[in-house]
Amino acid sequence: MLFSDIALLDENFEVQTNRWVGTLDGRIAYIGDTAPGPEEAALYGEVYDGDEKLLVPGMYNAHAHAPMTLLRGYAENLPLQAWLNDRVFPFEDKITGEDTYWATMLACAEMLRYGTVSFSDMYYHTRERIQAVAECGMKMNACEGLLAFEPKPYAEYPICQMNEDLIREFHGSADGRILIDYNIHSEYLSNPVVVADIAKLAKEKGLNIHVHVSETKLEHEECKERHEGMTPIRYFESLGVLDVPVTAAHCVWVDDGDIEILAAKGVYVASNPVSNMKLGSGFAPVVRMLERGVNVALGTDGMASNNNHDMYQDLYVLALIQKGANLDPTAVSPASAMRAATRTGALSQGRKDCGHIALGAKADLAVLDASGPSWCPATDMLNNLVFAGHGSDVCLTMADGAVLYREGEWPTIDVERAKAEVEVRTRRIIASL
């Protein structure tokens with residue numbers, strides 16, 4: 001595709017106007033202020049009119065539980081522990097692999113509608129999740145959720161062999177769109193023996209680890225009580241977890257010492273501002289993290305605690321609440337927020353050639369319609385993007401150069417069937433509880 005005369009958010013997260021961008025073989029092959037020559041232009045195929053449009057990198061959701069679309073609106077107005085133990089875990093016990101497939105497909109449709117091209121997903125029934133993502137054309141870093149209470153070696157848990165099979169069969173599959181990560185749910189739902197074993201395996205295989213960290217004050221303080229004053233970050237550091245690429249979700253209650261460790265170890269923090277507010281968990285110290293060089297990405301979390309996959313909503317909240325929480329209107333610039341939602345999210349998944357608009361980068365792109373009243377006047381398009389734009393302004397989403405959403409159509413997803421399947425399956429599960 002050749003985007004003609006379009007405004008774009010460049011790799012420095014600055015808006016350039018009247019640009020031409022060509023995609024070929026899944027990558028960005030041309031960026032210029034004039035049209036390519038006729039012979040070259042013909043290689044790109046369709047010419048897309050960029051008038052009153054803004055071309056941006058696709059969003060990278062750094063922390064999700066995609067099949068929780070099944071629970072949307074179900075577990076409400078509860079603190080985290082009651083939310084998990086009284087509502088979420090009993091519901092999840094009833095979810096089948098086929099339920100997971102359809103719930104993931106619906107999540108993918110929703111993410112694509114709002115310009116997201118890839119997500120890091122922690123859940124169960126990983127084969128069915130992979131099937132849905134591979135079929136629809138998105139990207140995913142998948143990990144099979146691990147709850148490990150018994151202090152025995154990881155190799156003695158059935159999930160160990162399951163993960164080895166998943167890595168062998170699917171890591172790098174679908175032309176690299178599917179990657180497999182190791183998972184540690186959290187400090188409080190695991191044990192040191194298993195945690196140390198997973199850290200060692202991940203290091204040997206060069207794979208990422210995805211883990212919940214310091215989401216609530218209770219989690220943070222109880223960890224210190226259990227482990228001689230160690231916070232979750234220090235606990236995981238002591239067991240070797242932070243010696244491999246890690247995505248640490250939440251990090252709401254990390255202290256200054258934790259932040260220094262996060263920066264030194266190159267940990268990617270997946271901030272989930274909407275979920276953290278909805279569950280009353282608090283406000284992550286994003287400003288202090290960014291000031292000290294921590295890699296901050298952005299996630300939606302699951303649909304039982306958000307309740308939608310519109311990353312533009314999370315982007316807005318990320319930029320806005322830090323200003324209020326820190327009494328500082330300069331906190332988290334629009335460029336920093338957008339970088340967290342795109343380039344940093346891509347890097348957290350190990351996708352080094354993704355998440356920005358640059359020659360040779362993967363063509364993971366979204367087009368926003370900037371002709372609406374909320375975009376006028378266009379005094380500063382980047383400010384408008386973060387504080388006045390909406391996910392509903394997305395009119396095209398492309399991953400690896402393939403158009404997966406355009407003007408109300410999903411070429412790879414039967415959205416009406418996905419909606420119907422999820423509705424029926426949610427009713428069945430609730431009726432059984």
Side-chain angles (χ1 to χ4, degrees), residues 61 63-114 116 119-136 138 140 142-149 157-159 162-163 166 183 185-186 188-189 210 212 215-216 249 272 274-276 278-281 299-310 410 413-433:
N61 187 343
H63 179 63
H65 309 288
M68 290 184 83
T69 50
L70 290 158
L71 288 94
R72 196 190 324 256
Y74 172 70
E76 299 290 322
N77 303 306
L78 292 168
L80 179 65
Q81 297 305 319
W83 176 84
L84 273 174
N85 296 317
D86 300 342
R87 301 291 274 181
V88 172
F89 286 159
F91 188 107
E92 289 180 332
D93 283 342
K94 306 286 186 178
I95 296 175
T96 69
E98 192 174 4
D99 296 336
T100 301
Y101 168 84
W102 285 110
T104 303
M105 193 64 85
L106 182 64
C108 289
E110 188 179 5
M111 287 191 233
L112 288 168
R113 171 63 187 88
Y114 298 122
T116 294
F119 58 106
S120 293
D121 205 51
M122 181 193 297
Y123 216 65
Y124 313 104
H125 303 292
T126 298
R127 289 177 181 276
E128 287 81 1
R129 288 185 290 140
I130 289 172
Q131 180 185 353
V133 174
E135 288 176 3
C136 79
M138 286 187 74
M140 175 176 66
C143 61
E144 180 77 15
L146 169 66
L147 308 181
F149 302 105
Y157 283 87
I159 194 175
M162 181 192 303
N163 271 331
L166 290 170
N183 173 243
H185 180 279
S186 56
Y188 62 93
L189 293 179
H210 193 165
H212 294 104
E215 183 174 359
T216 66
N272 300 267
V274 173
S275 174
N276 295 154
K278 189 164 188 288
L279 291 174
S281 301
T300 60
D301 210 358
M303 294 303 92
S305 63
N306 188 312
N307 297 23
N308 66 69
H309 282 118
D310 182 353
W410 290 262
I413 301 175
D414 184 341
V415 176
E416 291 306 314
R417 181 173 181 190
K419 287 165 56 180
E421 292 280 359
V422 170
E423 183 74 36
V424 168
R425 293 166 189 278
T426 294
R427 287 204 302 267
R428 184 203 82 231
I429 293 169
I430 292 174
S432 71
L433 293 171

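These numbers were taken from a predicted model, which means no experiment stands behind them. For the numbers below, each heavy atom of this structure counts, side chains included, while hydrogens, waters and symmetry mates do not.
- Interatomic distance, OG1 of Thr300 versus CZ of Phe119, reported as 9.5 Å (0.5 Å rounding).
- For the pair Glu421 (side chain) and Trp102 (backbone), a donor-acceptor distance under 3.5 Å is absent.
- Asn61 CG to Met138 CE: the interatomic distance, rounded to the nearest 0.5 Å, is 8.0 Å.
- In this structure, Asp121 contributes its side chain and Ala66 its backbone to a donor-acceptor pair below 3.5 Å.
- The number of heavy atoms from other shown groups lying within 6.0 Å of CD (Glu98) does not exceed 12.
- Remark: side-chain polar atoms of Arg113 are not paired, donor with acceptor, to backbone N or O of Trp410 under 3.5 angstrom.
- In this structure, the side chain of Thr426 does not engage the main chain of Glu423 through any donor-acceptor pair within 3.5 Å.
- For the pair Met303 and Met68, the tightest heavy-atom approach, listed with the atom from each and the gap, is CB-O, 3.5 Å.
- Checking His63 against His65 by side-chain atom types alone, a donor-acceptor pair falls below 3.5 Å.
- The distance from atom OH of Tyr123 to atom CG of Asn183, rounded to the nearest 0.5 Å, is 12.5 Å.
- Rounding to the nearest 0.5 Å gives a distance of 10.0 Å between OG1 of Thr69 and CG of Asp99.
- Side-chain contact check for Lys94 versus Ile430: every heavy-atom pair is 4.5 Å or farther apart.
- In this structure, Ile95 CD1 and Arg425 CZ are separated by 11.5 Å, a value rounded to the nearest 0.5 Å.
- Put simply, CE on Met140 and CE on Met111 are 9.5 Å apart, with the number rounded to the nearest 0.5 Å.
- Between His185 and Tyr188, the two ring planes are perpendicular [angle over 60°; tilted spans 30° to 60°].
- Neither side chain, Asn272 nor Glu215, offers a donor N or O lying under 3.5 Å from an acceptor on the other.
- Ion pairing of Glu416 with Lys419 is present here, as a side-chain N (NZ or NE/NH1/NH2) and a carboxylate O approach within less than 4.0 Å.
- Looking only at distances, a side-chain donor or acceptor of Arg87 sits under 3.5 Å from a matching main-chain atom of Tyr74.
- The minimum heavy-atom distance between Pro67 and Ala103, with the atom names listed, is O-CB, 3.4 Å.
- Between Glu135 and Tyr101, the closest side-chain pair of non-hydrogen atoms falls below 4.5 Å.
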